[in-house]
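First the structure, in the form of structure tokens, and then the observations on it.
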Amino acid sequence: MDAFLAFTVVGVVTGAIYAVSATGLVVTYTTSGVFNFAHGAMGMVMAFLYWELRVNQAWPAPIALVVVLLVAAPIMGAVVERLLMRKLYNAPMGVSIVTTLALLVILLGLGDSLWSGTELRRMPGFFAGNDVDVFGVRVTYHQLISLVVAGLIAAGLRFLMFHTRTGVTMRAVVDNRDLAGMNGVFPERVASLSWALGSFLAAIAGILIAPQLTLNHLLLTLLVINGYAAAMLGKLKNLPLTFLGAVVLGLAETYVIGYGGDVTIGSFSLISAAKVVPTVLLLGILVFLPQVRLPSGRIISAVAPRVPSLRSSLLWSAAFIVLMTVLSGVLSDFWVFNIGLALAIGIVVLSLVLLSGFAGQISLMQMTFVGIGALVAGRMIGTGSIFGILVAGLVTAVAGAIVALPALRLQALYLALATFAFALFSDWAFNQSWGFSQGGSLQVPRLRFPGLAFRSEQSQMVLLTVAFCIFGVTVLAIRRGPYGRRLAALRDSPVAASMLGMNLVAAKTTVFALSAGIAGMGGALYAGLQATVSPNDFNPIKSLFLFLVATFGGITTVVGALFAGVFLALIPELQKHVSFDNIQYFGIGVGAISLAGNPHGFGGSMSMAGEQIREAIAKRRHAPTPAKTERGVALETAS
Amino acid sequence: MRHLRAFVLLVLLGLVAVACGTTVSDEEAATELAAEAGGSGGGGSGGSGGAALGSGTDALDSGSTSSGDDADLAAGSGDTGGTTAGGDTGGTTSGGDTATGGTDTGTAGPVRSAGGATDVGVTASEIRLGWVGTLTGPVPGIFRGALVGTQAWINYQNSQGGLMGRQLRLVPADDALDSGKNRAAHLQLKDKVFSFVGSFSITDDGGAPVVTECKCPDVSGNLSVAMHNSPSHYGPQPAAPGWRSGPPRYYAKKFPKEVIEKMAFFYSQVPVSQAIAVQQRRVYEQAGFKVVYERGVPPNDNNQTADVVQMQRAGVRTIAFQGDLDTFSRLITAMAQQNFTVDLFNLGNSIYDANTFKVVKPDQIKNLFVDQVYAMFLGEDGARIPEVKLFNEWMKKTDPNQPVNLFAMYGWLSGRLFADAMNKMAKEGKNPVRADLLNTLKGWGTWDGYGMVAPVKVGTKTPSDCFFVFTSTPDGKFQRTYPEGGEPYACGDGPFSAKP
């Protein structure tokens, strides 16, 4: 009983940490209408700033607190609102998801550039060295302050939201911006205030959490993910329920550490799963509890770029294969390998083109499917053969269908969160002894046919070029066919599609399975190219990067997929030639933010520019253009 | 339609042209090599290595780019001819079966060899060496210490006249903490350098197949099993699967049964640490330890207080933990907060770091016992082992801003092992040839880095079964406690227990 009470105390204290971040998340959403994936990253930057002033510059704590909480944090929130969020008020929910994810990535880069990640830092807690005994557990004053502040924030913000004019105004602007404006409210000012408040809360969370961890960019940024489950329990609006959810989360995690060691199945001990308790709870809440209806999650504009004809795609593919074959014989092994890498990643992005570009389903776990494909190709039957690659595709397709089950009732933000939760869970699973095995890396032999082995870098490049073209042509063929039109309907208006008799369950399940299958086969090829892979190759952050680069590369086009592959494979090479650190973070972040102004991305823009050139040339010749017909198809799709 | 195709083709060709423009062809590389060889005495060679160090740019691609830091690095290689050679320190180095055993190869001075361009990366005046490690990526600069350590050795070696009558030049490549990029980096260098030296990366499994296929010697600290298994790889302290049985046997003798039979066993929940933990636990249990609480600690764990409560509940009196300093510091803080101490607090070597007492208060660490197979390279062993002093001197000369750390030490030691093998070849009248270097390393017996590492069997890649133990003092210092007689290492407690 003593131990139970002790674990309960520890759990409540841990829950308070989650509560601080979760309540801030909910308030930002309630007052801005944007689910801020970058909430943790904003808190991280402010925590580092506080460390800089308090520890590095030795400022007194009260002054450092005032500067960070009342000056820097609100300014950061207002700047973010002015530069990024103000453009998103009429944008689809998907664009705001991409933008806040991009902000997260930029802030991670900024944090690392300002305070190098290789240096260990320790942030002192408030009233360090003082503690009280609660049921045999010594609780520090800092932890008590965290608990009290979390409770006060939950209660105070509820009062602000529902019992003050400012709070009502904030909610009114989110509910109906124009109507609020007509009633004398200045929506921009209110939105700035909302973001300043959100940033202030993120800063409090960062400063309170940092002493209980080491001051680490990624840990502080991602800790807020544990708060997602609590925020979802509060349905993104109920602060007391969010607080309660956070405490339950802290308790659950602590009880798993306390008692999980006694629960074993073979070599698996439940205690090893403590890390994924918040993830499992998040998934459970998303799937089993009814959520607030949110706007559609489309991440591109309704008018899609022209879909090339079969003849055109085959001709382009042939030309591309010839070009790549020639280049493979000319370039050094180094560049040949990197181009192969770009093509392998391009294949994975094609799976997103199908899922997100054509069907409008967000996935933040695509690299997980790649990992499953690599794992199957490296550990199961048919290793190194075409059969192994097909099996990898089949197994990941089944995994995709399983993921689709909860996705059937989720949209946009919820789907993004659910798939990210799957990615986090899989990351944990990959690192277990039954994942990539202890030691981490897995050797995957390269593809061979009887009498033909793709062992050299050159042959791998040609193989991947052919594979990319096959997948590209297939994805485009799907888009042109009746199934592709069903996917477009699913993307544009699921309700209307359902009214017209379309089976949404079948459409969603199959597109998830198909997409996962492509990613899995891409994973098998990717692993073969690399020869060795490890869980690090498929970590959740890489899924975020992939999704962001795919969106600004152009998530509806094959050219966009190729662009994304090239970008992700070659930007680390670019980094080596510039003295400015973290170019990958800034490049991806800024690129993704540009999506708000360019919804088709690079690939879509190229495709549309090409179309305009063709139309102009055709006009000059006074001849009827086939392009018009194709544009008609695009407009038909859009409608 | 034709115009559009032409447009896209042009764009594609343009992109390819850009890519090709940044590639160094063999011819260009040879020209660059020759140009640099012409001025490779002292400062010249250091400068090229420094180019990579200063900005993280690849010296192969950036040619003669040089920053302020580079100048310092370059100066380091030319101005210290009078420095005492490390070999005078009495380290034992034996040439294994084929060479005379003894203590002679500490002298870093040149042993001449003829032959001109005898193999890849070798000219009459220069030997090019490759280095692959993590300089950018998610944690920029994490293994920069290994690069500076390797460069420090090169600067030192060049100050002694180089190797086989040739100056050394380091060509670094960055893997951005990615196994694919590690492979790419090895592919980039394999036809341009004679050997890889001092590489350090947790993703070195990517490059392992490349060095195996090209039969390129790799004298580095390995972290992956794949690299360890490569017949082209040899290291100054091989990371073979298994664990030393000496330390647990020593602790089992030192502490009573009730202490060692109440052990909490922690490990970082990352693949490399998990693999090590399995072996460590096996060997500890064979020595009589009993695990009453076990936990893999994930990197983002913030619930160490629960662990402490659980340990108190289980009556834990010994803690064994192989992890990183960050995770250690969180556990130590939680233990101090709960006023919980154990009799045997056996942490991994990551605790031996210049930053330790910046993130942990010295009085929070109680009853610390760390068994280690390399000298106290931060400087404590400077008087006992002159090589430590030499290493620190050259680190300071090469880059005074780079903290001395474990990675730097591995870079330095890798270079020292490479130099010893090359000198042995020269004495036998051989030229710098990859195959001969590999044969020499394969046949090498015991090597101790002039006292800087406990003796290892290089050729068979057997880690040392010797070790010493240190603890921490309340004023924030590390202090040796075993062996007590002044010997740097104890070797009789038990063998290295390889993975069954």
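Contact annotation for B/T333: only side-chain heavy atoms (C-beta onward) come within less than 4.5 Å of a heavy atom of chain A. For A/T254, the parts lying near chain B are the backbone and the side chain together; criterion is any non-hydrogen pair under 4.5 Å. Only the side chain of A/N216 has a heavy atom closer than 4.5 Å to any heavy atom of chain B. In this structure, the portion of A/Y18 lying under 4.5 Å from any heavy atom of chain B is its side chain and not its backbone. Heavy atoms closer than 4.5 Å to chain B are found in the side chain of A/I17, but not in its backbone. The contact between A/Y585 and chain B is made entirely by side chain atoms (from C-beta outward), counting heavy-atom distances below 4.5 Å. Neither the backbone nor the side chain of B/Q304 comes within contact range of chain A; no heavy atom of the residue lies under 4.5 Å from a heavy atom of that chain. In this structure, the portions of A/D333 lying under 4.5 Å from any heavy atom of chain B include both its backbone and its side chain. Interface residue A/L341: only side-chain heavy atoms are found under 4.5 Å from chain B.
Between the side chains of B/D175 and B/T134, at least one donor-acceptor pair of N or O atoms lies under 3.5 Å.
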Inset, instruction - Using the side-chain hydrogen bond (donor to acceptor under 3.5 Å, both in side chains) rule, take B/D204 and B/S224 through it: C-alpha gap first, then chi angles, then the decisive distance, then the call. - result: CA-CA 6 Å; B/D204 61 12; B/S224 72; 2.6 Å; yes
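Of the listed residues (A/Y259, A/F135, A/Y255), just one forms a ring-ring contact (aromatic ring centres under 6.0 Å, His included) with A/F7, and that residue is A/Y259.
Salt bridge B/K190/B/E213: absent, no basic N to carboxylate O contact under 4.0 Å.
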